[in-house]
Amino acid sequence: MSVVDRVNALSRKVPSWAVYTVGALPALWLLWLALSNGLGADPVKAIERGLGERGLQFLIASLCITPLRWLGVNLIKHRRAIGLIAFFYIVLHLVAWVWLDMGLRWSEVVADLYKRQYIIVGMIGLLAMLPLAVTSSNRAIRAMGPQAWGRLHRLAYVAGIAGAVHYLMLVKVWSLQPLTYAGIVAALLLARVLRSLSRRGLFGAKAA
C-alpha cells in the first residue's frame, strides 16, 4: 500500500468529532495561557492575534483539500469540519477585538473601522465565510444543488485572500510568517485558476 493509500485509509477512519476536538485545542491552550498569565505584557493582543492566526491557518488547510485531492490524497470528508473550525476561530477573533480590546464601546468600534483599513479587509473575509458556514449542512447542499453550492463555496478563496491581506496590513512588516501565508493562498488560487483554464481547453487539449 502506498503512502497516499495509507493516508486515505486513515482519513476514512477518523471521525468528525475527533477533527473538531483537535481544532478546539489551540483555543483551550490560549485560554490556559490567559488564566495562568502566560501571554506576556499585552494578553488581549496575544489572544486576538492567536485566534486570528489559528483561523487563517485552518482556512488555508481547508483550501488545501481540493488540490490535494487532485494529487490523490482524499481528505474531503473533513473539509466541512476544518472550514467550520476556521470560521469559529475568526468569529472568536472578532469577539476578542470587540469585547476584550474595545470593551463593547461601539462608537470606538465604528471609529476604528474608518481609521484602520485592515479591519475592513478582515470584515470582508468574515462576511465571505458567513454564507459558507450557513450552507455547510447536507440539507443546504441538497436544497441548493451541488453546482450552485460549489460556486458559492468559491468565496472561501475571497476569505483566504482577505485573511492573508488583513494579516499583512496588521503586522506592518514584511516578515516571513505573513508573507508565507499570503504566498500559500496565492499559490492555491493560481493552481485553481490554471486547472480551470486547462479543463476549458485554453492550454491545448481539453482535460478529461
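These numbers were taken from a predicted model, which means no experiment stands behind them.
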message = For Tyr167 versus Glu53, what's the shortest heavy-atom pair and its separation?
response = OH-OE1, 3.6 Å

note = Closest non-hydrogen contact found for Ala159 with Gly125 is CB-O, 3.6 Å

query = Once you round to the nearest 0.5 Å, how far does CZ of Arg154 lie from CZ of Arg192?
reply = 6.5 Å

request  = Could you check Arg54 against Leu92 for side-chain contact (heavy atoms from CB on, under 4.5 Å), going step by step and ending with a plain yes or no?
outcome  = CA-CA 10 Å; Arg54 295 299 89 72; Leu92 286 182; over 6 Å; no

query = Does Met123 belong to the same Ile/Leu/Val/Met/Phe/Trp/Tyr cluster as Val134, with side-chain heavy atoms less than 4.5 Å apart forming each link?
reply = yes

ask   = Under the 3.5 angstrom rule, does the side chain of Ser11 hit a backbone N or O of Val7 as a donor-acceptor pair?
value = no

inquiry  = Hydrophobic clustering (ILVMFWY, side-chain heavy atoms < 4.5 Å, transitive) - are Leu31 and Ile85 grouped together?
reply    = no

inquiry  = Set out, in order, the CA-CA distance, both residues' side-chain angles and the distance that settles side-chain contact (heavy atoms from CB on, under 4.5 Å) for Lys77 and Val19, then state yes or no.
reply    = CA-CA 10 Å; Lys77 172 184 175 182; Val19 178; over 6 Å; no

query = Got a sec: does the CH2 of Trp32 have more than 12 other heavy atoms crowding it under 6.0 Å?
reply = no

request  = Let me see the working for Ile120 and Leu113 under side-chain contact (heavy atoms from CB on, under 4.5 Å), right down to the final yes or no.
outcome  = CA-CA 6 Å; Ile120 297 291; Leu113 288 175; 4.1 Å; yes

ask   = Trp149 side chain to Ala140 main-chain N or O, any donor-acceptor pair under 3.5 Å?
value = no

inquiry  = Between Leu126 and Leu130, is there a side-chain heavy-atom distance shorter than 4.5 Å?
reply    = no

remark   = The reported gap from CG in Leu25 to CG in Leu30 (rounded to nearest 0.5 angstrom) is 11.5 Å

ask   = Do Leu51 and Val171 sit in the same hydrophobic cluster, where Ile, Leu, Val, Met, Phe, Trp and Tyr count as joined when their side-chain heavy atoms come under 4.5 Å apart?
value = yes

query = From His93 NE2 over to Leu56 CG, what is the distance, rounded to the nearest 0.5 angstrom?
reply = 10.0 Å

inquiry  = If I take atom CE from residue Met129 and atom OG from residue Ser136, how far apart are they, to the nearest 0.5 angstrom?
reply    = 10.5 Å

request  = Using only heavy-atom distances, determine whether the side chains of Tyr181 and Gln57 contain a donor-acceptor pair under 3.5 Å.
outcome  = yes

ask   = Which is it for Tyr157 and Val185 under the side-chain contact (heavy atoms from CB on, under 4.5 Å) test, yes or no, and what are the steps along the way?
value = CA-CA 8 Å; Tyr157 282 94; Val185 171; 5.6 Å; no

inquiry  = I'd like to know if the side chain of Tyr20 reaches the main chain of Leu84, judged simply by a donor and an acceptor atom lying under 3.5 Å from each other, with no hydrogens or angles considered.
reply    = no

ask   = Do any N or O atoms from the side chain of Ser198 and from the backbone of Arg195 form a donor-acceptor pair under 3.5 angstrom?
value = no

query = Is it the case that more than 12 heavy atoms not belonging to Arg105 sit under 6.0 Å from its CZ atom?
reply = yes

key: Value rounded to 0.5 Å, distance of CH2 in Trp97 from NZ in Lys45   = 9.5 Å

request  = Could you tell me whether the side chains of Arg80 and Ser16 share a donor-acceptor contact shorter than 3.5 Å?
outcome  = no

message = With clusters defined by side-chain heavy atoms of hydrophobic residues (ILVMFWY) lying less than 4.5 Å apart, directly or transitively, does Val22 cluster with Trp29?
response = no

task = Mind telling me whether Tyr118 and His166 have parallel, tilted or perpendicular rings, with 30° and 60° as the class edges?
result = tilted

message = Are Trp106 and Trp99 connected into the same hydrophobic cluster when the rule is that any two of I, L, V, M, F, W, Y join if their side-chain heavy atoms are below 4.5 Å apart?
response = yes

Residue pair Ala182 / Leu168: nearest heavy atoms and the distance that separates them = CB-CD1, 3.8 Å

ask   = What distance do Arg49 atom CZ and Leu170 atom CG have between them, rounded to the nearest 0.5 Å?
value = 4.5 Å

message = Looking at Asn74, is its backbone amide N or carbonyl O close enough to the side chain of Asn8 to form a donor-acceptor pair, meaning the two atoms are under 3.5 Å apart?
response = yes

ask   = So which of Ile184, Leu188, Ile82 actually passes side chain to side chain contact (heavy atoms under 4.5 Å, CB included) with Leu63?
value = Leu188

note = Nearest heavy-atom contact between Leu127 and Pro131 is O-CD, 3.0 Å

task = Measure across Ile47 and Ala96 and return the closest heavy-atom pair with its distance rounded to 0.1 Å.
result = CG2-CB, 4.2 Å

inquiry  = Using every non-hydrogen atom in the two residues, find where Glu48 and Asp101 come nearest and quote the distance to one decimal.
reply    = OE2-OD2, 2.7 Å

